[in-house]
Trainee: 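I have a structure here, written as structure tokens, and I will follow up with some questions on it.
What you see is a predicted model, and the numbers here were worked out from it, not measured in a lab.
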Amino acid sequence: QVQLVESGGGLVQAGDSLRLSCAASGRTFSPPYTMGWFRQVPGKERQFVAAISESGSRTYYANYADSVKGRFTISRDNAKNTVYLQMNSLKSEDTAVYYCAASDRFRATIAGQFDYWGQGTQVTVSS
């Protein structure tokens, strides 16, 4: 099994940046997982933010109207068993609990395709 622990969330002002980290543990080797970030606000469905392939060579970003692609960057350091989400130019609309997830699939971009989840880290962006 894999345990995922998110960190780096907090309360920031609009326009600020945050770097979320997700540390994977429970194994002695880097898991062959697609890693992803999701976010969720109370009463809303969890939504996809970004994902990255096992090697880090491929990345995927949400394409909804208020796209995060231009502001968020997903990356991973397999030597550290850690995935990151760099968030720049944060907006109040980005306020949510951010979840790290891992999938056994080669490609995964929806919640049901992910097998392991962290407990989330709160990101609050004030206007």
Side-chain angles (χ1 to χ4, degrees):
Q1 294 288 351
V2 174
Q3 294 83 49
L4 304 174
V5 180
E6 303 94 336
S7 62
L11 174 62
V12 298
Q13 300 289 330
D16 285 351
S17 297
L18 280 175
R19 187 196 195 198
L20 305 183
S21 298
C22 173
S25 62
R27 294 188 181 184
T28 59
F29 56 93
S30 298
Y33 294 133
T34 296
M35 302 296 296
W37 287 96
F38 290 76
R39 66 187 185 185
Q40 187 172 26
V41 298
K44 303 281 286 187
E45 188 174 43
R46 190 169 299 184
Q47 64 178 357
F48 171 75
V49 175
I52 187 167
S53 65
E54 178 185 357
S55 67
S57 62
R58 293 178 292 105
T59 57
Y60 309 91
Y61 294 92
N63 64 350
Y64 32 80
D66 189 16
S67 179
V68 304
K69 185 175 182 178
R71 299 180 294 117
F72 292 7
T73 302
I74 188 170
S75 62
R76 67 191 297 165
D77 185 340
N78 287 341
K80 297 180 180 179
N81 293 322
T82 301
V83 64
Y84 305 96
L85 184 68
Q86 179 67 45
M87 305 186 294
N88 300 134
S89 302
L90 284 163
K91 307 173 181 179
S92 60
E93 304 95 281
D94 297 317
T95 295
V97 176
Y98 283 72
Y99 295 90
C100 175
S103 174
D104 288 320
R105 294 174 178 264
F106 179 73
R107 180 183 184 275
T109 55
I110 63 175
Q113 295 173 328
F114 287 80
D115 304 284
Y116 305 97
W117 294 85
Q119 291 185 303
T121 185
Q122 177 70 48
V123 173
T124 302
V125 185
S126 62
S127 300

Trainee: Which heavy atom of C100 sits nearest to which heavy atom of V83, and what is that distance?
Mentor: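 Answer, listing the atom of C100 first, then V83: SG-CG1, 3.6 Å.
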Trainee: Do you know which of L20, V97, L18 makes side chain to side chain contact (heavy atoms under 4.5 Å, CB included) with T121?
Mentor: L20
Trainee: Counting C-beta onward and ignoring hydrogens, is there a side-chain heavy-atom pair between D94 and R71 closer than 4.5 Å?
Mentor: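 Yes; the side chains approach each other to less than 4.5 Å.
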Trainee: Using only atom types and a distance under 3.5 Å, with no angle test, would you say the side chain of Q119 pairs donor to acceptor with the backbone of E6?
Mentor: no
Trainee: So, for I110 and F38, which heavy atoms are closest and what is the spacing to 0.1 Å?
Mentor: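 Reported closest heavy-atom pair: C-CZ, 3.7 Å.
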Trainee: What residues, two or more places apart in sequence or in another chain, satisfy side-chain hydrogen bond (donor to acceptor under 3.5 Å, both in side chains) together with T124?
Mentor: Q122
Trainee: For the pair R39 and V123, evaluate side-chain contact (heavy atoms from CB on, under 4.5 Å) and give the outcome as yes or no after the intermediate values.
Mentor: CA-CA 9 Å; R39 66 187 185 185; V123 173; over 6 Å; no
Trainee: Checking the side chain of N78 only, and the main-chain atoms of E54 only, is there a donor and an acceptor separated by less than 3.5 Å?
Mentor: yes
Trainee: What pairs with S7 under side-chain hydrogen bond (donor to acceptor under 3.5 Å, both in side chains), at least two apart in sequence or on another chain?
Mentor: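 Listed in chain order: nothing, the list is empty.
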Trainee: Could you pull out all residues at least two apart from D115 that satisfy side-chain hydrogen bond (donor to acceptor under 3.5 Å, both in side chains)?
Mentor: none
Trainee: Test of understanding: with side-chain contact (heavy atoms from CB on, under 4.5 Å), list the residues that count as partners of A108, not counting sequence neighbours.
Mentor: T34, S103, R105, Q113, F114
Trainee: To the nearest 0.5 Å, what is the distance between CZ on R76 and OG on S53?
Mentor: 7.0 Å
Trainee: Closest approach of A111 and W117, non-hydrogen atoms and distance?
Mentor: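 What the structure gives for the nearest pair is O-CZ2, 3.4 Å.
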Trainee: Report the residues that fulfil side-chain contact (heavy atoms from CB on, under 4.5 Å) with T59, sequence neighbours left out, ordered by chain and then residue number.
Mentor: I52, Y61, I74
Trainee: Can I get a per-line list of side-chain donor-acceptor pairs under 3.5 Å for residues 43-51, giving both atom names and the distance, sequence neighbours left out?
Mentor:
{"residue": "R46", "atom": "NE", "partner": "Q40", "partner atom": "OE1", "Å": "3.1"}
{"residue": "R46", "atom": "NH2", "partner": "Q40", "partner atom": "OE1", "Å": "3.1"}

Trainee: Output all residues satisfying side-chain hydrogen bond (donor to acceptor under 3.5 Å, both in side chains) with S127, sequence neighbours left out; order by chain, then residue number.
Mentor: none
Trainee: In this structure, would Y98 and Y84 fall into the same cluster of hydrophobic residues linked by side-chain contacts under 4.5 Å?
Mentor: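 Y98 and Y84: separate clusters.
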Trainee: How would you list, by chain and number, every residue that makes a side-chain contact (heavy atoms from CB on, under 4.5 Å) with A102, sequence neighbours excluded?
Mentor: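 With sequence neighbours excluded, A102 shows a side-chain contact (heavy atoms from CB on, under 4.5 Å) to L4, Y33, M35, Y116, given in chain and number order.
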Trainee: Quick one: side-chain contact (heavy atoms from CB on, under 4.5 Å) partners of Q13, sequence neighbours excluded?
Mentor: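 So Q13 forms a side-chain contact (heavy atoms from CB on, under 4.5 Å) with D16, S126.
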Trainee: Where is the tightest heavy-atom contact between G118 and Y99, given as atom of each residue plus distance?
Mentor: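 Heavy atoms only, the tightest pair is O-CD2, 3.5 Å.
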Trainee: For K80, is there any backbone N or O sitting under 3.5 Å from a side-chain donor or acceptor partner on T82?
Mentor: yes
